[in-house]
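Notes follow the structure.
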Protein chains: 2
Amino acid sequence: MSEQSDTGRRPRTPRNTLSADLILDTALRLLDERGLDAFSMRALAEELGVGTMALYTYFRSKEELFCAARDRVFGRYAPPPRTGGPWHRQLREACLGLYQLFTGRPSVLQLLAEQHRAERPAEQGPAVGAVATMEHMLGLLRGAGIGREEAARAQTALVQYTVGAALRAGRTRCTDAEQRRRFQARLESLSAEDFPLIVDLAPELAAAQESTTQYAFGLDLILAGLRTAGSWEAAGRDDGAPPAQSD
Amino acid sequence: MSEQSDTGRRPRTPRNTLSADLILDTALRLLDERGLDAFSMRALAEELGVGTMALYTYFRSKEELFCAARDRVFGRYAPPPRTGGPWHRQLREACLGLYQLFTGRPSVLQLLAEQHRAERPAEQGPAVGAVATMEHMLGLLRGAGIGREEAARAQTALVQYTVGAALRAGRTRCTDAEQRRRFQARLESLSAEDFPLIVDLAPELAAAQESTTQYAFGLDLILAGLRTAGSWEAAGRDDGAPPAQSD
DNA sequence: GGCCCTACCGTACGCTGTACGTTAGAGACG
DNA sequence: CGTCTCTAACGTACAGCGTACGGTAGGGCC
């Protein structure tokens with residue numbers, strides 16, 4: 001037969017069937033379906049029906065591809081519609097929107113985690129698409145009469161907390177309930193003498209591992225703190241929230 | 001000496017020179033010195049002057065070794081001495097201690113990141129050594145009159161924020177100032193029409209990337225929120241911090 | 001002395017990312 | 001139509017990874 005069926009010599013893809021967008025969409029789909037561990041340039045190429053090295057025509061490396069994938073998702077992010085209402089409520093909505101962007105698709109979470117693991121952050125910009133949300137948050141904070149530096153720090157803290165919570169949420173994907181049961185069991189197996197509270201509160205602690213409610217809880221704590229701080233200039237109580245002068 | 005220099009055939013290590021502790025200490029040193037990317041079972045074995053597979057006598061896999069390394073560090077963690085004072089100040093000290101544990105050694109941060117990246121968290125327990133700090137935190141919260149569920153959630157939020165901040169801090173290691181300068185430059189290169197506040201606050205936002213001060217700022221926000229929430233039972237204002245009843 | 005147990009080790013397999021050089025097909029031009 | 005060029009797509013190769021498997025030698029025991 002004319003078919004040289006020797007070990008998968010492929011029939012050479014036509015000429016312009018590939019594109020950066022097609023590659024990125026397929027990569028994101030692969031990440032969603034099979035997870036980061038199952039992802040590889042070879043697997044991606046096979047999914048596209050293409051030789052592995054064809055990918056390197058469009059991206060110089062796997063890391064560059066990941067950055068582009070992340071920017072693609074973030075770039076398409078549409079923040080939730082402005083609801084009006086007090087500034088802290090709007091801030092809450094904005095943060096929840098970000099959180100859901102991060103946790104909505106497994107692939108996004110995995111790209112985030114990978115980015116955090118990277119030794120050298122390279123040139124990867126700051127999540128270009130979500131910048132509008134950053135701007136919105138800063139506007140709300142400044143509008144509430146919060147000073148320049150404090151607004152910047154508060155915005156950073158909110159993003160930091162959101163990313164951290166999203167990463168943590170990613171660890172307990174799939175088998176939510178099962179995972180939490182085992183967590184509880186492990187807490188309860190601790191010495192009740194040395195750690196009476198942990199053992200006693202094990203059910204509550206396990207329940208707090210659930211993601212969205214717990215995220216909202218911490219978020220509301222931060223927002224309440226922001227409201228309390230009130231007059232930022234006149235800060236300096238002996239036991240309140242001093243201007244953070246540790247080393 | 002009698003070196004058979006033919007391509008590294010080694011002279012067989014005596015019999016009981018290896019031990020789990022020695023392996024873990026060497027692994028942590030390697031991680032501190034050369035980073036996660038340069039770490040491999042082969043490199044670790046070579047550092048020990050030992051065949052690669054000797055490591056598998058003590059650990060079933062690389063992941064198990066990492067978990068043991070993490071537990072070793074956490075297990076040796078001594079929380080800062082109890083200072084007395086109001087509960088929220090003590091809570092602050094406890095969290096700062098945890099944060100410094102996480103950020104103090106590069107290796108710890110890298111193990112944390114790796115753990116967060118893992119697809120299947122396997123059997124890795126909850127950072128066994130730092131459990132005493134968890135207990136301490138819960139005691140402070142409960143002592144402040146905070147309810148069971150809220151205490152558990154607050155404790156989880158504090159740990160979550162701390163880990164998230166530590167991970168973020170890890171990204172800007174080594175070249176701190178340089179990294180922040182580039183971050184600021186990238187912010188300033190955005191369209192001043194679309195993102196006036198970001199461009200305006202670029203210096204402050206870049207400064208907020210610095211780790212410890214920024215961590216303390218967010219921590220104080222959370223603690224202030226905890227103090228404000230006050231009587232937890234009587235919560236239910238229209239715009240305050242409702243008991244987080246999303247999804 | 002002889003034996004066993006096991007800590008240590010060498011080899012090998014399948015996987016990874018990607019450097020490098022090759023090839024074929026589309027478009028431009030005579 | 002023939003030919004030339006440019007480059008998207010490709011195959012091969014390499015160094016390195018984690019680790020399954022089986023071998024080997026040396027310390028402890030009878």
Side-chain angles (χ1 to χ4, degrees), chain A residues 4-24 26-27 30-31 34-69 110-111 114 117-120 122, chain B residues 2 4-24 26-27 30-31 34-69 110-111 114-115 117-120 122:
Chain A
Q4 293 285 94
S5 78
D6 67 288
T7 65
R9 192 69 71 94
R10 54 172 48 273
R12 190 167 270 266
T13 309
R15 187 86 174 172
N16 282 324
T17 55
L18 225 45
S19 75
D21 282 346
L22 178 59
I23 292 177
L24 290 179
T26 310
L30 220 68
L31 282 170
R34 289 187 235 168
L36 182 64
D37 283 11
F39 182 94
S40 73
M41 298 301 264
R42 282 175 165 86
L44 175 55
E46 181 156 7
E47 187 73 17
L48 283 160
V50 144
T52 307
M53 295 313 288
L55 304 175
Y56 286 84
T57 309
Y58 297 89
F59 303 97
R60 272 194 298 256
S61 70
K62 189 190 178 189
E63 181 176 338
E64 190 177 298
L65 192 154
F66 273 14
C67 285
Q110 295 170 346
L111 291 175
E114 193 65 14
R117 210 192 60 84
E119 190 81 13
R120 212 57 182 86
Chain B
S2 64
Q4 295 284 93
S5 77
D6 68 288
T7 65
R9 189 69 71 95
R10 54 172 47 274
R12 191 169 267 268
T13 309
R15 187 89 174 170
N16 281 324
T17 55
L18 225 47
S19 76
D21 282 346
L22 179 60
I23 293 177
L24 290 180
T26 311
L30 221 68
L31 283 170
R34 290 188 235 168
L36 182 65
D37 284 11
F39 180 94
S40 74
M41 297 302 265
R42 283 174 164 85
L44 175 55
E46 182 156 7
E47 186 72 17
L48 283 160
V50 145
T52 307
M53 295 312 288
L55 303 174
Y56 287 84
T57 309
Y58 297 88
F59 303 96
R60 272 196 297 258
S61 69
K62 187 190 177 189
E63 181 176 337
E64 191 177 296
L65 192 154
F66 273 14
C67 287
Q110 294 171 347
L111 291 175
E114 193 64 14
Q115 171 180 353
R117 209 193 60 83
E119 189 80 15
R120 209 64 179 83

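So that the names make sense, note that chain A is the first sequence line, chain B the second, and so on, each numbered from 1. The basis for the numbers below is simple: all heavy atoms, side chains too, and nothing from hydrogens, waters or symmetry mates.
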Roughly how far, to the nearest 0.5 Å, is [atom2] of [Y] from [atom1] of [X]?
{"X": "B:M41", "Y": "B:L44", "atom1": "CE", "atom2": "CG", "answer": "6.5 Å"}
{"X": "B:L55", "Y": "B:L48", "atom1": "CG", "atom2": "CG", "answer": "6.5 Å"}
{"X": "A:Y58", "Y": "A:L18", "atom1": "OH", "atom2": "CG", "answer": "4.5 Å"}

Rounded to whole Å, please give me the gap between [atom1] in [X] and [atom2] in [N].
{"X": "A:L55", "N": "D:dC10", "atom1": "CG", "atom2": "P", "answer": "9 Å"}
{"X": "B:E64", "N": "D:dA20", "atom1": "CD", "atom2": "P", "answer": "11 Å"}
{"X": "A:L36", "N": "C:dT16", "atom1": "CG", "atom2": "P", "answer": "13 Å"}
{"X": "A:F39", "N": "C:dC15", "atom1": "CZ", "atom2": "P", "answer": "17 Å"}
{"X": "A:L22", "N": "D:dA9", "atom1": "CG", "atom2": "C1'", "answer": "14 Å"}
{"X": "B:D37", "N": "D:dA15", "atom1": "CG", "atom2": "P", "answer": "20 Å"}
{"X": "B:M41", "N": "C:dC9", "atom1": "CE", "atom2": "P", "answer": "14 Å"}
{"X": "B:K62", "N": "D:dA20", "atom1": "NZ", "atom2": "P", "answer": "14 Å"}

### Message
Can you tell me if B:E64 has over 12 outside heavy atoms packed within less than 6.0 Å of its CD?
### Response
yes
### Query
Is the count of non-hydrogen atoms from other residues, nucleotides or ligands lying under 6.0 Å from A:E47 atom CD greater than 12?
yes
### Query
In the 5'-to-3' direction, what one-character label does each nucleotide of nucleotides 22-30 of chain D receive under the scheme B = base within less than 4.0 Å of a protein heavy atom, S = sugar-phosphate only, - = no such atom?
-BBBBS---
Heavy-atom closest pair, residues [X] and [Y]:
{"X": "B:T13", "Y": "B:G49", "result": "OG1-O, 3.4 Å"}
{"X": "B:Y56", "Y": "B:S61", "result": "CE2-CA, 4.0 Å"}
{"X": "B:A69", "Y": "B:L24", "result": "N-CD2, 3.7 Å"}
{"X": "B:A27", "Y": "B:L65", "result": "CB-CD2, 4.0 Å"}

Is [X] touching bases, backbone alone, or none of the nucleic acid, heavy atoms closer than 4.0 Å?
{"X": "B:F59", "answer": "nothing"}
{"X": "B:S40", "answer": "sugar-phosphate"}
{"X": "A:T52", "answer": "base"}
{"X": "A:S19", "answer": "nothing"}

### Message
Counting only side-chain nitrogens and oxygens, does B:Y58 get under 4.0 Å of the OP1 or OP2 atom of C:dC8?
### Response
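Looking at the OP1 and OP2 atoms of C:dC8, one of them is under 4.0 Å from a side-chain N or O of B:Y58.
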### Message
Can you pull out the residues from residues 42-51 of chain A that lie within a 4.0 Å heavy-atom distance of DNA chain D?
### Response
A:R42, A:V50, A:G51
